[in-house]
Protein chains: 2
Amino acid sequence: MPLRHALLGMLSEHPHSGWDLTKRFEQSLGNVWTASHSQVYTELGKLEVEGLIEVVGTGARGRKDYAATEAGRAEATRWLRETEPSRSVRNEPILRVFLLWLLEPEEARAYLERERDRHAEQLAFYEQLAHDWPCDSAAVDASRIALEAGLRVERAYVEWAEWAAARYCQADETRDGDASG
Amino acid sequence: MPLRHALLGMLSEHPHSGWDLTKRFEQSLGNVWTASHSQVYTELGKLEVEGLIEVVGTGARGRKDYAATEAGRAEATRWLRETEPSRSVRNEPILRVFLLWLLEPEEARAYLERERDRHAEQLAFYEQLAHDWPCDSAAVDASRIALEAGLRVERAYVEWAEWAAARYCQADETRDGDASG
DNA sequence: ACAGGCATGTAAGTCGTTACATGATTAG
DNA sequence: CTAATCATGTAACGACTTACATGCCTGT
């Protein structure tokens, strides 16, 4: 149950509301794990019933801030220690590359160029995060290591997409000599 | 529905049995998309009812080889053209890195070293595939481009895991001066 | 007053995992 | 004859997505 443990981990760092956690899944965590707000609120409800998290504050608009209890933090640690990471993967953008031969070369090239742009944007975002990085706690340090993975993987994707688009460019140019677009 | 379209794509290349498709999800495709045999057989049943695939041969032990029909291939192409790739991501091994601060430094380092070894193995496998690559059809070419993504991303992970483990090494050495392990 | 963002929740349906269940073929 | 591998399927349960539903606060 990685969602539950992702939540316990974040709530072991410092309090978050369901809204905050949802935002984190959309932002820095988004290249690693995604969860919709409905999933987050449902799981928070279960975790509270089980005594793994508790409400530690409330705010405007019904906001509730949760933090992990000792039991919750222990459960997150136990999960890290005693279970193997699932290797189940979902990477639809690259899955599509396996099917790219079904398209015309210019369509395939356009797809690869969009991927390059997307990854270039993501890389720029990560570079900004790394540039502004505060040097604080151990939690922050682990996040910095995870960020470094994002940084390096995005860089690899940008270079790959350029290499791949060039392959399809060649195929296209061979056919009609047009290098525009 | 990426599973359905992954199947249609593979069955547009050449015939496969449910067993073959399951194996492909465990091997080359496995770093991009995974599916259990139960999911594969269930989806093949639906695709056949919908006329998107058909049985084109049978073999020993009840083996059934399927191929995409024209309608199936058209559906795969339509999906590529008309839908945006889902950005929903599952990458539990890196998710765990965000929680690594909950462990002792030596445990965290051990985790990163296991990841390094895993990715090094995967990289070696991809390098072998790339080395033995046949130069044939367009389908093969798209797979070669997808393989290149795997190759470059795995290389990035190996280098990242080494960088990351070194960080935890330092933390550990600062505490007890032990550089073994 | 209104728009945009903050904030939380429920329900229906689909997708995915795990376990159950069976049996044929092949190589040693 | 026996183990490994090939080969297919179903069922129960849990996870995830999408849509529905509500309402408050802040800035303009």
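These numbers were taken from a predicted model, which means no experiment stands behind them. Scope of the values below: all heavy atoms of this structure, side chains included, with no hydrogens, waters or symmetry mates. We name chains A, B, ... by the order of the sequence lines, and we start the count at 1 in each one.
- Of all the heavy atoms in B/Ile94 and A/Ala149, the pair that sits closest is CD1-CB, 4.2 Å.
- If you measure from atom CG of A/Leu44 to atom P of C/dT8, you get 8 Å, rounded to the nearest angstrom.
- Contact annotation: side chain of A/Ser38 to base of D/dT18, donor-acceptor pair present below 3.5 Å.
- Stacking of A/Arg90 on the aromatic ring of B/Trp33 is recorded, both the 6.0 Å distance cut-off and the 45° axial limit being met.
- Side-chain proximity of A/Arg61 to C/dT17, C/dC6, C/dG9: nearest is C/dC6.
- Minimum interatomic distance between A/Val89 and B/Thr34 (heavy atoms only, all atoms of both residues): N-OG1, 3.2 Å.
- One atom, NZ of B/Lys46, and another, C1' of C/dG16, lie 11 Å apart when rounded to the nearest Å.
- Checking B/Lys64 against B/Ser86, the closest nucleotide of DNA chain D that is more toward the 5' end is the one next to B/Lys64.
- Dashed line: the shortest gap from a side-chain N or O of A/Ser88 to OP1 or OP2 of C/dT17 is under 4.0 Å.
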| request: Check the pair B/Arg96 / B/Glu92 against salt bridge (charged side-chain N to carboxylate O under 4.0 Å, His left out), numbers first and verdict last. | output: CA-CA 6 Å; B/Arg96 285 178 180 235; B/Glu92 191 182 317; 2.9 Å; yes
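- Closest to the A/Gln39 side chain, of the nucleotides C/dG9, D/dT17, C/dA7, is D/dT17.
- The distance from atom CZ of A/Arg90 to atom P of C/dC15 is 12 Å, rounded to the nearest whole Å.
- Rounded to whole Å, atom C1' of D/dC6 lies 14 Å from atom CG of B/Leu21.
- Here the side chain of B/Trp19 is nearest to one of D/dC6, D/dT18, C/dG5, namely D/dC6.
- Summarising the geometry, the separation between CD on A/Gln27 and P on C/dG5 is reported as 13 Å, rounded to the nearest angstrom.
- Taking only side-chain atoms of B/Ser17, from C-beta outward, the nucleotide of C/dT17, D/dT8, D/dC16 with the closest atom is D/dT8.
- Each of C/dA19, C/dG9, D/dA7 was ranked by its minimum atom distance to the side chain of A/Tyr41; first place goes to C/dG9.
- Remark: A/Lys23 is not in phosphate contact with C/dG5, judged by side-chain N or O atoms under 4.0 Å from OP1 or OP2.
- A straight line from CD of A/Glu26 to P of C/dA7 spans 13 Å, rounded to a whole angstrom.
- Atom CD in B/Glu48 sits about 14 Å away from atom C1' in D/dG9, given to the nearest Å.
- At the heavy-atom level, B/Arg4 lies nowhere under 4.0 Å from the strands shown.
- Counting all heavy atoms, side chain and backbone alike, B/Ile145 lies closest to A/Ala164 at CG2-CB, 3.6 Å.
- Taking atom NE2 of B/His37 as the reference point, atom C1' of D/dA7 lies 9 Å away to the nearest angstrom.
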